There are 2 protein chains.
Amino acid sequence: MPDAPLSLDPVQLGVYFDLIEVTSLLRHTVEQQLREAGDLSYVQFQLLARLGDSPTGSHRMTDLADGVVYSRSGLTYQAGLLEKAGLVVRAPSPDDERSITVTITDAGRARLADVLPGHIEVVGGLLFEPLSRENVEALAGLLAPVRDHMRSTPPRSAAPRRRAKGE
Amino acid sequence: MPDAPLSLDPVQLGVYFDLIEVTSLLRHTVEQQLREAGDLSYVQFQLLARLGDSPTGSHRMTDLADGVVYSRSGLTYQAGLLEKAGLVVRAPSPDDERSITVTITDAGRARLADVLPGHIEVVGGLLFEPLSRENVEALAGLLAPVRDHMRSTPPRSAAPRRRAKGE
DNA sequence: TATTGTTATACTCTATAACTATA
DNA sequence: TATAGTTATAGAGTATAACAATA
């Protein structure tokens, strides 16, 4: 049961540090670009992008929350901002009266279009410039299993202990 | 001059998305662990870890800021919190009277020791569990050039345009 | 004049808990 | 009873600009 390694070897440590450093820089740069080009936070961009990708341009609040935001109220807050800005619309779902369907507006798609070229430019120039096509494919092959593993791992790993009474 | 690609191919897009998803999940989980195990934010942990790694247990404020925090005032804020908690000490530098030397205390090292096992456990279980030794080495080889490239790339890539007048 | 660091301030974001309404 | 979403609220973090002090 090698579920909880007691240490990381130097190579693992290096990978972990590099991963954090690289994504921090990337994210920070991308956030600036999104803010300047379209007055969007990264989370807002992610939400818009998800809606824009959907065939219907819509998603339920709950579906949007998964993976983008970690609390319901956080999503309500962000959806409220997007709606106030006219980039999305919220309406009760037809089938389930409890649900809210969020739909991207034309203005939302336009904003996305405003922001995307610069976004691609930053990601391409910062992340992919030093990588060959083979490198990118290798990276894809390495990240996919990690991603799948994390998706299938409940957040329990965060708090393995301290779980005796009412929590 | 392939400096600003106009698009990302599907594999690149997948890598980018997976990278964001994986590190978001990892960071979120690690942040919970650090908060629960030692009442530390991730930034605070990074600062403590840097100081702990230093032979002298010290760094100048400016050196600490590089890579961990993106504004001077942010570092002052975090250093203030750490000092208030007794985990670091700030003192004027001997050589340069403008500089402040931050030093980790015994309590700081103890806090680090409190937190590290769980930290390693989370990172190992979440990031490295699905990766073989060869995988990790391959990943290291792919991330290193990206890291170096980002380090050597001034943040200019964030705002390529809009730079006519006084900004 | 440039650099180091602090302060004041304002703002964004996030999370918890209590609440409403529907399934 | 469980699920979907909102609200109120409080707290953590960040950044900008003005500032003081030293190089």
Side-chain angles (χ1 to χ4, degrees), chain A residues 24-25 27-32 34-36 38-47 58-85 88-103 155 158-159 166-167, chain B residues 24-25 27-32 34-36 38-47 58-85 88-103 155 158-159 166-167:
Chain A
S24 292
L25 277 170
R27 177 116 177 200
H28 191 254
T29 309
V30 161
E31 274 174 351
Q32 285 182 205
L34 290 173
R35 184 62 72 188
E36 291 172 8
D39 196 34
L40 293 175
S41 72
Y42 195 75
V43 169
Q44 289 159 10
F45 168 74
Q46 282 181 298
L47 294 174
S58 301
H59 276 302
R60 288 168 53 232
M61 288 288 281
T62 297
D63 301 335
L64 274 182
D66 294 346
V68 172
V69 159
Y70 296 102
S71 71
R72 294 180 175 285
S73 62
L75 178 56
T76 297
Y77 172 75
Q78 294 294 344
L81 291 183
L82 290 174
E83 188 168 46
K84 204 174 304 175
V88 307
V89 174
R90 277 182 290 187
S93 299
D95 43 307
D96 188 334
E97 287 288 332
R98 295 172 302 182
S99 291
I100 297 285
T101 295
V102 187
T103 306
E167 199 266 328
Chain B
S24 292
L25 278 170
R27 177 118 176 199
H28 191 253
T29 310
V30 160
E31 273 174 351
Q32 285 183 206
L34 290 172
R35 184 62 71 188
E36 291 172 8
D39 197 35
L40 292 175
S41 73
Y42 195 75
V43 169
Q44 289 158 9
F45 168 75
Q46 282 180 298
L47 294 174
S58 301
H59 275 304
R60 287 168 54 231
M61 289 288 280
T62 296
D63 301 335
L64 274 182
D66 294 345
V68 172
V69 158
Y70 297 101
S71 71
R72 294 180 175 287
S73 63
L75 177 56
T76 297
Y77 172 74
Q78 293 295 345
L81 290 183
L82 290 174
E83 188 169 46
K84 203 174 303 174
V88 306
V89 175
R90 276 182 292 186
S93 299
D95 44 306
D96 189 333
E97 286 290 329
R98 294 173 304 182
S99 291
I100 297 284
T101 296
V102 187
T103 306
E167 199 264 330

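So you know, we letter chains A, B, ... as the sequences are listed, proteins then strands, and number each from 1. Here the structure is a predicted model, which means the values were calculated and not measured.
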Roughly how far, to the nearest 0.5 Å, is the CE atom of B/M61 from the CZ atom of B/R98? 14.5 Å
Starting from P on D/dG13, measure out to CD on A/E31 and report it in whole angstrom. 16 Å
Residues that A/E83 engages under side-chain hydrogen bond (donor to acceptor under 3.5 Å, both in side chains), provided they are two or more places apart: A/R90
Side-chain N or O of B/H28 closer than 4.0 Å to phosphate OP1/OP2 of C/dA15: yes
What integer distance in Å separates A/Q78:CD from D/dG5:C1'? 16 Å
In whole angstroms, the gap separating C1' of D/dA15 from CZ of A/R35 amounts to 12 Å
Could you tell me whether B/R27 and B/E31 make a salt bridge, using a distance below 4.0 angstrom between a side-chain N and a carboxylate O? yes
Applying a 4.0 Å non-hydrogen cut-off, can you work out what A/V43 is touching in the nucleic acid: base, sugar-phosphate, or nothing? sugar-phosphate
Check the interface with nucleotides 6-10 of chain C: list each N/O to N/O pair with the protein under 3.5 Å, or write none.
unit_1 : atom_1 : unit_2 : atom_2 : d
C/dT6  : OP1    : B/R90  : NH1    : 2.7
C/dT6  : OP2    : B/T76  : OG1    : 2.6

In short, A/T101 meets A/S93 closest at the heavy-atom pair OG1-OG, 2.7 Å
Using a 4.0 Å heavy-atom cut-off across all strands, classify A/S93 as base, sugar-phosphate, or nothing. nothing
Rounded to whole angstrom units, what separation is found between the CD atom of B/E36 and the P atom of C/dA15? 13 Å
With nearest nucleotides of DNA chain C determined for A/Y70 and B/R60 from heavy-atom distances, which residue corresponds to the more 5′ nucleotide? B/R60
Please enumerate all residues that pass side-chain contact (heavy atoms from CB on, under 4.5 Å) together with A/R72, with sequence neighbours excluded. A/T62
Round to a whole Å and report the spacing from CZ of B/F45 to P of D/dG13. 15 Å
Look up atom CG in A/L82 and atom OG in A/S41, then write down how far apart they are to the nearest 0.5 Å. 7.5 Å
From B/V102, B/I100, B/V69, residue fulfilling side-chain contact (heavy atoms from CB on, under 4.5 Å) relative to B/L64: B/V102
How would you label the contact of A/L64 with the nucleic acid (heavy atoms, under 4.0 Å): base, sugar-phosphate, or nothing? nothing
Base contacts versus sugar-phosphate-only contacts with protein, heavy atoms under 4.0 Å: please encode nucleotides 18-23 of chain C as B, S and - from 5' to 3'. ----BS
Please list, chain by chain and in numerical order, all residues satisfying ring-ring contact (aromatic ring centres under 6.0 Å, His included) with A/Y70, sequence neighbours excluded. B/H28
Under the side-chain hydrogen bond (donor to acceptor under 3.5 Å, both in side chains) test, which residues partner B/D66, sequence neighbours left out? none
Rounded to whole angstrom units, what separation is found between the CG atom of B/D63 and the P atom of C/dG5? 8 Å
Is there a side-chain contact between A/S41 and the phosphate of C/dC13, meaning an N or O under 4.0 Å from OP1 or OP2? yes
Rounding to a whole Å, what distance do you find between B/L40:CG and D/dG13:P? 10 Å
Length of the NZ-P vector between B/K84 and D/dG11, whole Å: 14 Å
